[in-house]
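Only one structure is covered here, and it is reproduced in the block below.
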Protein chains: 2
Amino acid sequence: MPLSRERVLRAAVSVADSGGIESLTMRRLAEHLGAEAMSLYYHVTNKEDVLDGVVDLIATEINEVVERIDVPADGADWKKAVRQRILSAREVLLRHRWAPGVFETRTNTSPAVLRYYDALLGMMLAGGFSYDLAHHAMHALGSRALGFTQELFDPSGGGGATDQAADLAEMAGQFPHLVGMLTEIAHDDPDSTLGWCDDQTEFEFGLDLILDGLDRARERA
Amino acid sequence: MPLSRERVLRAAVSVADSGGIESLTMRRLAEHLGAEAMSLYYHVTNKEDVLDGVVDLIATEINEVVERIDVPADGADWKKAVRQRILSAREVLLRHRWAPGVFETRTNTSPAVLRYYDALLGMMLAGGFSYDLAHHAMHALGSRALGFTQELFDPSGGGGATDQAADLAEMAGQFPHLVGMLTEIAHDDPDSTLGWCDDQTEFEFGLDLILDGLDRARERA
DNA sequence: TTGTACGACTTACAGCGTAAGAACGGCCGA
DNA sequence: TCGGCCGTTCTTACGCTGTAAGTCGTACAA
(Lines give C-alpha, C1' and ligand atoms only; values in the text may rest on other atoms or scores of the structure.)
Protein backbone atom coordinates (compact mmCIF):
# COMPACT_ATOMS: atom_id res chain seq x y z
CA MET A 1 0.00 0.00 0.00
CA PRO A 2 1.59 3.27 -1.09
CA LEU A 3 1.98 6.26 1.17
CA SER A 4 -0.53 9.07 0.98
CA ARG A 5 -1.38 12.13 3.01
CA GLU A 6 -4.41 10.33 4.34
CA ARG A 7 -2.42 7.33 5.45
CA VAL A 8 0.28 9.48 7.04
CA LEU A 9 -2.25 11.45 9.05
CA ARG A 10 -4.11 8.38 10.21
CA ALA A 11 -0.84 6.84 11.31
CA ALA A 12 0.00 10.02 13.18
CA VAL A 13 -3.21 9.77 15.17
CA SER A 14 -2.49 6.14 15.86
CA VAL A 15 1.04 6.89 17.09
CA ALA A 16 -0.20 9.69 19.36
CA ASP A 17 -3.00 7.48 20.65
CA SER A 18 -0.63 4.78 21.72
CA GLY A 19 2.44 6.72 22.83
CA GLY A 20 1.28 10.24 23.57
CA ILE A 21 1.87 13.33 21.49
CA GLU A 22 5.51 13.67 22.50
CA SER A 23 6.21 10.31 20.89
CA LEU A 24 5.03 11.59 17.54
CA THR A 25 8.24 12.23 15.61
CA MET A 26 8.70 12.08 11.89
CA ARG A 27 10.99 9.08 12.16
CA ARG A 28 8.67 7.09 14.38
CA LEU A 29 5.76 8.02 12.19
CA ALA A 30 7.64 6.73 9.16
CA GLU A 31 8.62 3.57 10.97
CA HIS A 32 4.99 3.00 11.83
CA LEU A 33 4.28 3.15 8.10
CA GLY A 34 7.18 0.94 7.10
CA ALA A 35 8.92 3.83 5.36
CA GLU A 36 11.72 6.32 5.90
CA ALA A 37 11.23 9.70 7.51
CA MET A 38 12.00 11.73 4.41
CA SER A 39 9.49 9.82 2.36
CA LEU A 40 6.71 11.45 4.31
CA TYR A 41 7.72 14.84 3.04
CA TYR A 42 6.40 14.05 -0.37
CA HIS A 43 2.87 13.86 1.02
CA VAL A 44 3.15 16.41 3.79
CA THR A 45 5.01 19.70 3.76
CA ASN A 46 6.43 19.51 7.30
CA LYS A 47 5.56 18.50 10.81
CA GLU A 48 3.31 21.49 11.40
CA ASP A 49 1.32 20.28 8.43
CA VAL A 50 1.04 16.87 10.05
CA LEU A 51 -0.34 18.43 13.22
CA ASP A 52 -2.76 20.57 11.24
CA GLY A 53 -3.92 17.46 9.45
CA VAL A 54 -4.27 15.51 12.65
CA VAL A 55 -6.47 18.19 14.16
CA ASP A 56 -8.59 18.18 11.04
CA LEU A 57 -8.88 14.41 11.25
CA ILE A 58 -10.03 14.49 14.87
CA ALA A 59 -12.45 17.30 14.12
CA THR A 60 -13.79 15.24 11.24
CA GLU A 61 -14.31 12.35 13.61
CA ILE A 62 -16.22 14.70 15.87
CA ASN A 63 -18.35 15.90 13.00
CA GLU A 64 -19.19 12.36 12.00
CA VAL A 65 -20.43 11.66 15.50
CA VAL A 66 -22.39 14.83 16.08
CA GLU A 67 -23.99 14.79 12.67
CA ARG A 68 -25.63 11.51 13.50
CA ILE A 69 -27.53 13.17 16.33
CA ASP A 70 -30.97 14.14 15.14
CA VAL A 71 -31.58 17.77 15.75
CA PRO A 72 -34.97 19.04 16.97
CA ALA A 73 -36.76 20.22 13.87
CA ASP A 74 -37.95 23.54 15.19
CA GLY A 75 -34.76 24.55 16.94
CA ALA A 76 -36.79 25.78 19.89
CA ASP A 77 -34.83 23.79 22.39
CA TRP A 78 -31.46 24.99 21.19
CA LYS A 79 -29.90 24.46 24.56
CA LYS A 80 -30.54 20.75 24.64
CA ALA A 81 -29.23 20.33 21.10
CA VAL A 82 -26.07 22.34 21.73
CA ARG A 83 -25.44 20.59 24.98
CA GLN A 84 -25.76 17.18 23.47
CA ARG A 85 -23.52 18.14 20.59
CA ILE A 86 -20.79 19.41 22.85
CA LEU A 87 -20.90 16.41 25.14
CA SER A 88 -20.63 14.15 22.12
CA ALA A 89 -17.62 16.07 20.88
CA ARG A 90 -16.13 15.60 24.31
CA GLU A 91 -16.52 11.85 24.05
CA VAL A 92 -14.40 11.83 20.94
CA LEU A 93 -11.69 13.86 22.66
CA LEU A 94 -11.75 11.42 25.54
CA ARG A 95 -10.57 8.82 23.07
CA HIS A 96 -7.65 11.06 22.09
CA ARG A 97 -6.54 12.72 25.27
CA TRP A 98 -3.49 14.26 23.71
CA ALA A 99 -5.68 16.10 21.20
CA PRO A 100 -6.79 19.16 23.21
CA GLY A 101 -3.20 20.26 23.62
CA VAL A 102 -2.65 20.02 19.90
CA PHE A 103 -5.86 21.88 19.11
CA GLU A 104 -4.63 24.75 21.23
CA THR A 105 -1.34 25.11 19.44
CA ARG A 106 -2.87 25.35 15.97
CA THR A 107 -2.97 28.76 14.43
CA ASN A 108 -4.39 27.74 11.08
CA THR A 109 -8.02 26.81 11.42
CA SER A 110 -9.00 23.37 10.25
CA PRO A 111 -11.94 23.22 7.83
CA ALA A 112 -13.50 20.49 9.95
CA VAL A 113 -13.35 22.72 13.02
CA LEU A 114 -14.95 25.50 11.02
CA ARG A 115 -17.63 23.10 9.95
CA TYR A 116 -18.24 22.12 13.53
CA TYR A 117 -18.54 25.70 14.70
CA ASP A 118 -20.73 26.57 11.77
CA ALA A 119 -23.25 23.91 12.69
CA LEU A 120 -23.17 24.92 16.35
CA LEU A 121 -23.77 28.49 15.33
CA GLY A 122 -26.64 27.37 13.15
CA MET A 123 -28.35 25.81 16.13
CA MET A 124 -28.12 28.99 18.11
CA LEU A 125 -29.42 31.08 15.26
CA ALA A 126 -32.31 28.67 14.84
CA GLY A 127 -32.91 29.01 18.56
CA GLY A 128 -33.44 32.74 18.26
CA PHE A 129 -29.96 34.16 18.75
CA SER A 130 -28.96 37.32 16.99
CA TYR A 131 -25.66 37.20 15.13
CA ASP A 132 -24.24 39.45 17.76
CA LEU A 133 -25.22 37.32 20.71
CA ALA A 134 -24.22 34.15 18.89
CA HIS A 135 -20.83 35.67 18.34
CA HIS A 136 -20.44 36.43 22.01
CA ALA A 137 -21.62 32.91 22.75
CA MET A 138 -18.87 31.39 20.62
CA HIS A 139 -16.24 33.33 22.47
CA ALA A 140 -17.79 32.60 25.84
CA LEU A 141 -17.70 28.89 25.11
CA GLY A 142 -14.24 28.90 23.59
CA SER A 143 -12.67 25.48 23.71
CA ARG A 144 -15.60 24.24 25.73
CA ALA A 145 -17.59 24.27 22.52
CA LEU A 146 -15.42 21.41 21.33
CA GLY A 147 -15.69 19.55 24.56
CA PHE A 148 -12.74 20.38 26.75
CA THR A 149 -11.32 22.90 29.15
CA GLN A 150 -7.80 23.27 30.43
CA GLU A 151 -7.43 23.65 34.16
CA LEU A 152 -4.49 25.66 35.41
CA PHE A 153 -4.02 23.81 38.60
CA ASP A 154 -5.08 20.39 39.64
CA PRO A 155 -6.24 20.14 43.23
CA SER A 156 -6.17 16.36 43.15
CA GLY A 157 -2.87 16.21 41.33
CA GLY A 158 0.40 14.76 42.53
CA GLY A 159 1.16 12.50 45.44
CA GLY A 160 -0.39 9.25 46.51
CA ALA A 161 -3.55 9.00 48.55
CA THR A 162 -1.70 8.60 51.84
CA ASP A 163 0.71 11.47 51.30
CA GLN A 164 -2.15 13.69 50.32
CA ALA A 165 -3.52 14.18 53.82
CA ALA A 166 -0.07 15.09 55.15
CA ASP A 167 0.53 17.46 52.26
CA LEU A 168 -2.75 19.17 52.93
CA ALA A 169 -1.97 19.74 56.59
CA GLU A 170 1.39 21.16 55.67
CA MET A 171 -0.08 23.58 53.16
CA ALA A 172 -2.86 24.76 55.42
CA GLY A 173 -0.87 27.74 56.62
CA GLN A 174 -0.12 29.01 53.16
CA PHE A 175 -3.35 28.21 51.39
CA PRO A 176 -6.04 28.07 54.02
CA HIS A 177 -9.02 28.37 51.73
CA LEU A 178 -7.80 25.80 49.23
CA VAL A 179 -7.00 23.34 51.98
CA GLY A 180 -10.34 23.97 53.63
CA MET A 181 -12.13 23.35 50.41
CA LEU A 182 -10.20 20.27 49.43
CA THR A 183 -10.61 18.81 52.87
CA GLU A 184 -14.34 19.21 52.74
CA ILE A 185 -14.78 18.21 49.16
CA ALA A 186 -12.58 15.12 49.42
CA HIS A 187 -12.53 15.42 45.71
CA ASP A 188 -10.55 12.29 45.17
CA ASP A 189 -12.47 10.57 42.45
CA PRO A 190 -9.71 9.13 40.29
CA ASP A 191 -11.77 9.21 37.12
CA SER A 192 -10.53 12.59 36.11
CA THR A 193 -11.01 12.49 32.41
CA LEU A 194 -9.62 15.19 30.13
CA GLY A 195 -6.75 17.52 30.76
CA TRP A 196 -5.95 17.88 34.42
CA CYS A 197 -8.79 17.45 36.85
CA ASP A 198 -11.33 18.14 34.17
CA ASP A 199 -13.88 15.59 35.06
CA GLN A 200 -17.26 15.14 33.55
CA THR A 201 -19.26 16.64 36.39
CA GLU A 202 -17.24 19.82 36.49
CA PHE A 203 -17.30 20.14 32.75
CA GLU A 204 -21.06 19.86 32.65
CA PHE A 205 -21.48 22.31 35.51
CA GLY A 206 -19.48 24.96 33.69
CA LEU A 207 -21.16 24.20 30.40
CA ASP A 208 -24.64 24.51 31.84
CA LEU A 209 -23.70 27.69 33.63
CA ILE A 210 -22.76 29.25 30.32
CA LEU A 211 -25.67 27.83 28.35
CA ASP A 212 -28.14 29.04 30.96
CA GLY A 213 -26.54 32.45 30.96
CA LEU A 214 -26.76 32.62 27.20
CA ASP A 215 -30.39 31.56 27.27
CA ARG A 216 -31.21 34.36 29.67
CA ALA A 217 -29.34 36.83 27.51
CA ARG A 218 -31.31 35.63 24.51
CA GLU A 219 -34.61 36.07 26.33
CA ARG A 220 -33.73 39.60 27.34
CA ALA A 221 -32.86 40.58 23.79
CA MET B 1 27.24 39.31 38.87
CA PRO B 2 27.08 35.56 39.44
CA LEU B 3 24.42 33.28 38.09
CA SER B 4 21.53 32.27 40.28
CA ARG B 5 18.20 30.58 39.84
CA GLU B 6 16.53 33.96 40.21
CA ARG B 7 18.66 35.55 37.53
CA VAL B 8 18.21 32.61 35.16
CA LEU B 9 14.44 32.73 35.48
CA ARG B 10 14.26 36.47 35.01
CA ALA B 11 16.43 36.18 31.94
CA ALA B 12 14.12 33.45 30.63
CA VAL B 13 11.14 35.78 30.90
CA SER B 14 13.09 38.49 29.18
CA VAL B 15 14.09 36.20 26.31
CA ALA B 16 10.52 35.02 25.85
CA ASP B 17 9.23 38.57 26.00
CA SER B 18 11.48 39.72 23.23
CA GLY B 19 11.66 36.68 20.98
CA GLY B 20 8.64 34.54 21.78
CA ILE B 21 8.58 31.31 23.68
CA GLU B 22 10.01 29.26 20.82
CA SER B 23 13.17 31.35 21.01
CA LEU B 24 13.76 30.29 24.58
CA THR B 25 16.49 27.65 24.35
CA MET B 26 19.04 26.81 26.98
CA ARG B 27 21.87 28.04 24.78
CA ARG B 28 20.23 31.37 23.99
CA LEU B 29 19.27 31.80 27.61
CA ALA B 30 22.89 31.27 28.62
CA GLU B 31 24.11 33.67 25.96
CA HIS B 32 21.69 36.26 27.31
CA LEU B 33 23.39 35.82 30.68
CA GLY B 34 26.94 35.86 29.31
CA ALA B 35 27.45 32.22 30.22
CA GLU B 36 27.49 28.77 28.67
CA ALA B 37 24.44 26.57 28.41
CA MET B 38 25.66 23.92 30.80
CA SER B 39 26.38 26.47 33.49
CA LEU B 40 22.68 27.00 33.94
CA TYR B 41 22.23 23.43 35.06
CA TYR B 42 23.90 24.16 38.32
CA HIS B 43 21.04 26.48 39.24
CA VAL B 44 18.21 24.75 37.46
CA THR B 45 17.60 21.05 37.07
CA ASN B 46 16.47 21.09 33.44
CA LYS B 47 14.38 23.04 30.97
CA GLU B 48 11.10 21.91 32.46
CA ASP B 49 12.28 23.42 35.70
CA VAL B 50 12.96 26.68 33.88
CA LEU B 51 9.43 26.73 32.53
CA ASP B 52 7.99 25.91 35.94
CA GLY B 53 10.00 28.75 37.38
CA VAL B 54 8.94 31.13 34.68
CA VAL B 55 5.29 30.39 35.35
CA ASP B 56 5.85 30.96 39.03
CA LEU B 57 7.55 34.25 38.27
CA ILE B 58 4.68 35.48 36.13
CA ALA B 59 2.15 34.33 38.70
CA THR B 60 4.13 36.19 41.34
CA GLU B 61 3.95 39.31 39.19
CA ILE B 62 0.19 38.81 39.02
CA ASN B 63 -0.04 38.42 42.78
CA GLU B 64 1.92 41.59 43.34
CA VAL B 65 -0.55 43.48 41.19
CA VAL B 66 -3.77 42.02 42.51
CA GLU B 67 -2.71 42.25 46.13
CA ARG B 68 -2.48 46.00 45.79
CA ILE B 69 -6.19 46.16 45.03
CA ASP B 70 -8.11 46.95 48.18
CA VAL B 71 -10.79 44.40 48.75
CA PRO B 72 -14.24 45.41 50.07
CA ALA B 73 -14.12 44.80 53.78
CA ASP B 74 -17.36 42.91 54.12
CA GLY B 75 -16.98 40.71 51.06
CA ALA B 76 -20.59 41.32 50.20
CA ASP B 77 -19.81 42.41 46.68
CA TRP B 78 -17.67 39.41 45.88
CA LYS B 79 -18.45 39.67 42.19
CA LYS B 80 -16.91 43.08 41.80
CA ALA B 81 -13.81 42.06 43.70
CA VAL B 82 -13.32 38.85 41.76
CA ARG B 83 -13.94 40.58 38.48
CA GLN B 84 -11.41 43.27 39.18
CA ARG B 85 -8.87 40.75 40.32
CA ILE B 86 -9.22 38.67 37.19
CA LEU B 87 -9.04 41.64 34.87
CA SER B 88 -5.89 42.79 36.62
CA ALA B 89 -4.34 39.37 36.21
CA ARG B 90 -5.21 39.64 32.55
CA GLU B 91 -3.30 42.88 32.25
CA VAL B 92 -0.15 41.16 33.41
CA LEU B 93 -0.61 38.38 30.87
CA LEU B 94 -1.06 40.98 28.18
CA ARG B 95 2.51 42.00 28.89
CA HIS B 96 3.67 38.41 28.38
CA ARG B 97 1.58 37.06 25.57
CA TRP B 98 3.52 33.85 25.28
CA ALA B 99 2.73 33.04 28.91
CA PRO B 100 -0.76 31.50 28.62
CA GLY B 101 0.61 28.77 26.39
CA VAL B 102 3.26 27.94 28.95
CA PHE B 103 0.79 27.97 31.81
CA GLU B 104 -1.25 25.36 30.00
CA THR B 105 1.61 22.97 29.54
CA ARG B 106 2.61 22.92 33.21
CA THR B 107 1.64 19.86 35.16
CA ASN B 108 3.33 20.83 38.43
CA THR B 109 1.41 23.61 40.08
CA SER B 110 3.33 26.74 40.92
CA PRO B 111 3.04 27.97 44.52
CA ALA B 112 2.28 31.44 43.22
CA VAL B 113 -0.61 30.10 41.17
CA LEU B 114 -1.89 28.28 44.23
CA ARG B 115 -1.62 31.49 46.19
CA TYR B 116 -3.60 33.30 43.52
CA TYR B 117 -6.35 30.72 43.48
CA ASP B 118 -6.42 30.61 47.24
CA ALA B 119 -7.10 34.31 47.48
CA LEU B 120 -9.73 34.13 44.77
CA LEU B 121 -11.39 31.31 46.62
CA GLY B 122 -11.27 33.34 49.80
CA MET B 123 -13.24 36.12 48.17
CA MET B 124 -15.95 33.75 47.10
CA LEU B 125 -16.18 32.15 50.52
CA ALA B 126 -16.40 35.60 52.08
CA GLY B 127 -19.14 36.36 49.59
CA GLY B 128 -21.24 33.50 50.85
CA PHE B 129 -20.19 30.57 48.69
CA SER B 130 -20.21 27.07 50.10
CA TYR B 131 -17.04 25.06 49.58
CA ASP B 132 -18.92 22.95 47.11
CA LEU B 133 -20.14 25.82 44.98
CA ALA B 134 -16.76 27.54 45.19
CA HIS B 135 -15.18 24.37 43.93
CA HIS B 136 -17.52 24.26 40.97
CA ALA B 137 -16.80 27.93 40.40
CA MET B 138 -13.06 27.33 40.14
CA HIS B 139 -13.59 24.69 37.54
CA ALA B 140 -16.13 26.75 35.67
CA LEU B 141 -13.70 29.63 35.45
CA GLY B 142 -10.68 27.49 34.59
CA SER B 143 -7.98 29.51 32.91
CA ARG B 144 -10.31 32.50 32.81
CA ALA B 145 -9.63 32.90 36.51
CA LEU B 146 -6.09 33.87 35.61
CA GLY B 147 -7.17 36.19 32.85
CA PHE B 148 -7.11 34.36 29.57
CA THR B 149 -8.98 31.99 27.34
CA GLN B 150 -7.79 30.07 24.36
CA GLU B 151 -9.94 30.29 21.27
CA LEU B 152 -9.96 27.31 18.97
CA PHE B 153 -10.56 29.21 15.82
CA ASP B 154 -9.97 32.80 15.00
CA PRO B 155 -12.66 34.31 12.80
CA SER B 156 -10.56 37.37 12.08
CA GLY B 157 -7.41 35.37 11.54
CA GLY B 158 -5.33 35.15 8.38
CA GLY B 159 -5.42 37.15 5.22
CA GLY B 160 -5.29 40.88 4.66
CA ALA B 161 -8.30 43.14 4.89
CA THR B 162 -8.87 43.12 1.14
CA ASP B 163 -8.62 39.37 0.70
CA GLN B 164 -10.97 38.84 3.55
CA ALA B 165 -14.13 39.86 1.73
CA ALA B 166 -13.28 37.56 -1.15
CA ASP B 167 -12.47 34.72 1.19
CA LEU B 168 -15.76 35.17 2.96
CA ALA B 169 -17.74 35.03 -0.26
CA GLU B 170 -15.89 31.89 -1.25
CA MET B 171 -16.60 30.18 2.03
CA ALA B 172 -20.26 31.14 2.15
CA GLY B 173 -21.33 27.87 0.59
CA GLN B 174 -19.52 25.74 3.10
CA PHE B 175 -20.02 27.74 6.25
CA PRO B 176 -23.16 29.80 5.74
CA HIS B 177 -23.77 30.67 9.37
CA LEU B 178 -20.21 31.67 10.11
CA VAL B 179 -20.03 33.80 7.02
CA GLY B 180 -23.36 35.38 7.80
CA MET B 181 -22.24 36.19 11.28
CA LEU B 182 -18.86 37.52 10.31
CA THR B 183 -20.35 39.63 7.58
CA GLU B 184 -22.78 41.24 9.94
CA ILE B 185 -20.40 41.61 12.82
CA ALA B 186 -17.61 43.08 10.71
CA HIS B 187 -15.53 42.03 13.59
CA ASP B 188 -12.36 43.52 12.26
CA ASP B 189 -11.00 45.42 15.17
CA PRO B 190 -7.30 44.68 15.02
CA ASP B 191 -6.74 45.08 18.73
CA SER B 192 -7.19 41.44 19.44
CA THR B 193 -5.25 41.03 22.61
CA LEU B 194 -4.49 37.62 24.10
CA GLY B 195 -4.36 34.28 22.37
CA TRP B 196 -6.19 34.27 19.12
CA CYS B 197 -9.11 36.65 18.79
CA ASP B 198 -9.47 36.85 22.52
CA ASP B 199 -10.18 40.49 22.81
CA GLN B 200 -11.11 42.39 25.89
CA THR B 201 -14.80 42.76 25.14
CA GLU B 202 -15.30 39.08 24.51
CA PHE B 203 -13.30 38.12 27.54
CA GLU B 204 -15.39 40.33 29.77
CA PHE B 205 -18.62 39.08 28.25
CA GLY B 206 -17.73 35.48 29.01
CA LEU B 207 -16.44 36.36 32.44
CA ASP B 208 -19.57 38.23 33.42
CA LEU B 209 -21.72 35.45 32.07
CA ILE B 210 -20.04 33.02 34.42
CA LEU B 211 -19.91 35.35 37.40
CA ASP B 212 -23.58 36.17 37.05
CA GLY B 213 -24.42 32.51 36.77
CA LEU B 214 -22.42 31.76 39.89
CA ASP B 215 -24.12 34.55 41.76
CA ARG B 216 -27.51 33.15 40.92
CA ALA B 217 -26.41 29.70 41.99
CA ARG B 218 -25.22 31.16 45.28
CA GLU B 219 -28.52 32.89 45.87
CA ARG B 220 -30.45 29.70 45.22
CA ALA B 221 -28.36 27.76 47.73
C1' DT C 1 13.36 2.53 -26.76
C1' DT C 2 13.91 6.60 -24.55
C1' DG C 3 12.41 10.54 -21.84
C1' DT C 4 9.92 12.12 -17.95
C1' DA C 5 7.67 12.37 -13.81
C1' DC C 6 6.57 10.25 -9.59
C1' DG C 7 7.61 8.35 -5.22
C1' DA C 8 10.69 6.43 -2.04
C1' DC C 9 15.39 6.38 -0.33
C1' DT C 10 20.26 7.86 1.41
C1' DT C 11 23.07 11.05 3.24
C1' DA C 12 23.99 14.98 5.80
C1' DC C 13 23.45 19.13 8.74
C1' DA C 14 22.20 22.40 12.23
C1' DG C 15 20.02 22.87 16.46
C1' DC C 16 18.08 20.93 20.57
C1' DG C 17 18.44 19.17 25.72
C1' DT C 18 21.76 17.43 28.64
C1' DA C 19 25.40 13.63 30.65
C1' DA C 20 30.17 13.49 32.16
C1' DG C 21 34.00 15.36 33.64
C1' DA C 22 37.66 18.93 33.54
C1' DA C 23 39.14 23.54 34.94
C1' DC C 24 38.82 27.64 37.50
C1' DG C 25 38.70 30.64 41.71
C1' DG C 26 38.34 31.80 46.45
C1' DC C 27 38.41 30.38 51.19
C1' DC C 28 40.24 27.68 55.15
C1' DG C 29 43.21 24.91 58.01
C1' DA C 30 48.19 23.80 58.51
C1' DT D 1 52.79 30.32 52.36
C1' DC D 2 51.01 26.40 50.90
C1' DG D 3 48.14 22.71 49.87
C1' DG D 4 43.47 21.04 49.45
C1' DC D 5 38.73 21.58 49.07
C1' DC D 6 34.48 22.94 47.17
C1' DG D 7 31.25 25.83 44.83
C1' DT D 8 30.71 27.35 40.22
C1' DT D 9 31.64 27.50 35.40
C1' DC D 10 33.22 25.63 31.06
C1' DT D 11 34.46 21.96 27.47
C1' DT D 12 33.37 18.18 25.05
C1' DA D 13 30.35 14.91 23.34
C1' DC D 14 26.01 12.17 22.49
C1' DG D 15 21.55 11.09 20.93
C1' DC D 16 17.64 13.01 19.23
C1' DT D 17 14.96 16.21 16.44
C1' DG D 18 13.18 18.39 11.85
C1' DT D 19 14.40 18.68 7.24
C1' DA D 20 17.52 20.30 2.85
C1' DA D 21 19.63 18.15 -1.07
C1' DG D 22 20.32 14.80 -4.10
C1' DT D 23 19.93 9.84 -5.84
C1' DC D 24 17.70 5.90 -7.42
C1' DG D 25 14.11 2.62 -9.23
C1' DT D 26 9.86 2.18 -11.57
C1' DA D 27 5.85 3.20 -14.66
C1' DC D 28 4.09 5.17 -18.30
C1' DA D 29 4.01 8.30 -22.76
C1' DA D 30 6.19 9.36 -26.97
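Proteins come first, then strands; the chains are lettered A, B, ... in the order of their sequence lines, and each starts at number 1. FYI, side chains are in, hydrogens and waters are out, and symmetry mates aren't considered; it's all heavy atoms of this structure.
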Look at the side chain of [X] and decide which nucleotide, out of [options], has an atom nearest to it.
X       : options                : value
B:Tyr41 : C:dT10, C:dG17, C:dA20 : C:dG17
A:Pro2  : D:dT19, C:dA8, C:dG17  : C:dA8
B:Glu36 : D:dC10, C:dG17, D:dT19 : D:dC10
B:Ala37 : D:dC10, D:dT19, C:dT18 : C:dT18
A:Thr25 : D:dT19, C:dG17, D:dG18 : D:dG18

Send over the distance from [X] [atom1] to [N] [atom2], rounded to a whole Å.
X       : N      : atom1 : atom2 : value
B:Ile21 : C:dC16 : CD1   : C1'   : 15 Å
B:Glu48 : C:dC16 : CD    : C1'   : 14 Å
A:Lys47 : D:dC16 : NZ    : P     : 15 Å
A:Leu29 : D:dT17 : CG    : P     : 12 Å
B:Met38 : D:dC14 : CE    : P     : 14 Å
B:Leu3  : D:dC10 : CG    : P     : 7 Å
A:Met26 : C:dC16 : CE    : C1'   : 17 Å
A:Leu40 : D:dA20 : CG    : P     : 13 Å

(message) I want to check a possible cation-pi pair here: B:Arg115 against A:Phe175, using under 6.0 Å from ring centre and within 45° of the ring axis as the test.
(response) no
(message) Does B:Arg5 qualify as a cation-pi partner of B:Tyr42, given the criterion of NZ or CZ under 6.0 Å from the six-membered ring centre and within 45 degrees of its axis?
(response) no
Does [X] place a side-chain N or O at less than 4.0 Å from the phosphate oxygens OP1/OP2 of [N]?
X       : N      : value
B:His43 : D:dG7  : no
B:Arg28 : C:dC16 : yes
A:Ser39 : C:dG7  : no
A:Tyr42 : C:dA8  : no

(message) When you compare the side chains of A:His43 and A:Glu6, does any donor N or O come within less than 3.5 Å of an acceptor on the partner?
(response) no
(request) Indicate, yes or no, whether a donor-acceptor pair under 3.5 Å links the base of C:dG17 to the side chain of B:Arg27. (result) yes
(message) Nearest heavy atom decides the nucleotide; on that basis, is A:Ala35 or B:Thr45 closer to the 5' end of DNA chain C?
(response) A:Ala35
(message) So that I can tick it off, tell me whether B:Arg95 and B:Glu61 are bridged by a salt bridge, with the cut-off set at under 4.0 angstrom between side-chain N and carboxylate O.
(response) yes
(request) Answer yes or no: is there an ion pair linking B:Asp17 with B:Arg97, defined by an N-O contact shorter than 4.0 Å? (result) no
